[in-house]
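One structure below.
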Amino acid sequence: MGKPRTAVGRCLRTHEELKSTFPDARCELDFESPFQLLVATILSAQATDKSVNKATPKLFKIYDTPERLAVAEIPEIEKLIKSIGLFRSKAKNLKGMARKLIVDFDSQVPNGMDDLVSLPGVGRKTANVVRSVALGLPGLPVDTHVTRIVQRMGITGESDPVKIERVVGEMLPSDAQGEFSLRVILHGRQVCFARNPNCTECILNYFCPNAFKV
DNA sequence: ATCCCGAGGG
DNA sequence: CCCTCTGGAT
């Protein structure tokens, strides 16, 4: 196989190659419902999945529904999520999110991007995780890794995450967007570091425009 | 010391 | 656009 020569080609080839490295890439947050994944994803900002998974069992034991969470005492939530970090804003957001779910969305996690993003603590990255992982809908979570790697791979020159989401999303089958994101993130964490990427060990180096240059 | 699979606010 | 929020891993 030759090198892909277009942006779309590089995007699809990137995903194909990463499939062999990460065959069963999956969301590593523990959850049993869309509501739980929404909570876990809000908590995962600037934190590891492991630390979130350590805290959520107790949290879900007490606050297992929007109704319970909506009337929780903020300090009680803070106590349960303290080890995750950013606990004050996250506790406030969780309670506000639950209240809005009840008031505006009949206690159900909404499907639409605009609705999801209207919830406290939910940005596009979180909304796309919920859509692609819990709801089985198209969704391309764009984080710092995805942003860096699509740029390095010459998939798009865009730096605005919202534009990346749209442009790269259009290059992929809608049911592959979530997996693409998951795999690219793993690649970013294990090989294509922000500084000193390990190009020698990179499975994509044969067509990466920036291999051995960064 | 520095970095995380972000989001809100100024 | 830049700052802040936070603990834990490395």
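These values consider heavy atoms only, across backbone and side chains, with no hydrogens, waters or symmetry-generated copies. Residue numbers start from 1 in every chain, and the chains themselves are labelled A, B, ... in the order their sequence lines are given, proteins ahead of strands. Fair warning: this is a prediction, and the values are worked out from it, not measured in the lab.
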Item to complete: Flag yes if more than 12 heavy atoms outside Lys19(A) fall under 6.0 Å of its NZ atom; otherwise flag no.
Response: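 Enclosed.
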Worksheet item: Taking everything shown except Arg148(A) itself, do over 12 heavy atoms lie less than 6.0 Å from its CZ?
Response: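 Yes - once you tally the heavy atoms of other residues, nucleotides and ligands closer than 6.0 Å, there are more than 12.
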Worksheet item: Mind checking whether Phe60(A) and Arg68(A) have side chains closer than 4.5 Å, heavy atoms only?
Response: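 The answer is no; the side chains never approach within 4.5 Å.
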Discussion item. What I'd like to find out is whether the side chain of His15(A) reaches to under 4.5 Å of the side chain of Glu179(A), using heavy atoms alone.
Written reply: yes
Taking any heavy-atom pair under 4.0 Å as a contact, classify [X]: base, sugar-phosphate, or nothing.
X: Pro120(A); result: sugar-phosphate
X: Ser181(A); result: nothing
X: Val122(A); result: sugar-phosphate

Practice prompt. Starting at atom CG of Asn53(A), determine the distance to atom C1' of dG8(C), rounded to an integer number of angstrom.
Written response: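 Computing the Asn53(A):CG to dG8(C):C1' distance gives 15 Å.
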Worksheet item: For Leu69(A) and Arg99(A), what are the C-alpha separation, side-chain angles and deciding distance, and is it a side-chain contact (heavy atoms from CB on, under 4.5 Å)?
Response: CA-CA 8 Å; Leu69(A) 191 54; Arg99(A) 298 181 77 84; over 6 Å; no
Worksheet entry | Minimal non-hydrogen separation, Leu101(A) against Pro110(A), with atom names |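 Answer, listing the atom of Leu101(A) first, then Pro110(A): CD2-CD, 3.7 Å.
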Worksheet item: Going from CD1 on Ile77(A) to CG on Asn93(A), what distance comes out if it is rounded to the nearest 0.5 angstrom?
Response: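 Reported to 0.5 Å precision, the distance equals 10.5 Å.
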Practice prompt. Go through the structure and list residues passing salt bridge (charged side-chain N to carboxylate O under 4.0 Å, His left out) with Lys95(A), not counting sequence neighbours.
Written response: none
Worksheet entry | Transitive ILVMFWY cluster of Leu140(A), excluding itself - 4.5 Å side-chain cut-off |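 Under the 4.5 Å side-chain rule, Leu140(A) groups with Val8(A), Leu12(A), Leu18(A), Phe22(A), Val142(A), Val146(A), Ile149(A), Val150(A), Met153(A), Ile155(A), Ile164(A), Val167(A), Val168(A), Met171(A), Leu172(A), Phe180(A), Val184(A), Ile185(A), Leu186(A), Ile203(A), Leu204(A), Tyr206(A), Phe207(A).
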Discussion item. Does this structure show an ion pair linking Arg13(A) with Glu16(A), if we count only N-O contacts that are shorter than 4.0 Å?
Written reply: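 Answer for the salt bridge query: no.
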Name every residue in [range] that has at least one heavy atom under 4.0 Å from any atom of DNA chain B, in order of residue number, or write none if there are no such residues.
range: residues 32-48 of chain A; value: Ala45(A), Gln46(A)
range: residues 78-103 of chain A; value: Leu86(A)
range: residues 183-191 of chain A; value: Ile185(A), Arg189(A)

Worksheet item: Which nucleotide span of DNA chain B, 5' end to 3' end, has atoms closer than 4.0 Å to non-hydrogen atoms of chain A?
Response: dC3(B) to dG8(B)
Discussion item. Can you check the distance between dC4(B) and dC5(C), where both ends of the measurement are the C1' atom (answer in whole Å)?
Written reply: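 After rounding to an integer number of Å, I get 14 Å for this pair.
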Worksheet entry | Interatomic distance at P, dC1(C) relative to dC5(B), whole Å | 23 Å
Discussion item. Taking Asn53(A)'s backbone N and O only, do any of them form a donor-acceptor pair with Asp30(A)'s side chain (distance below 3.5 Å, no angle check)?
Written reply: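 It does not hold such a pair.
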Worksheet item: Ignoring hydrogens and geometry, is there a side-chain-to-backbone donor-acceptor pair from Arg131(A) to Asn111(A) under 3.5 Å?
Response: yes
Worksheet item: Does one side chain, of Ser107(A) or Glu67(A), offer a donor that lies under 3.5 Å from an acceptor on the other?
Response: yes
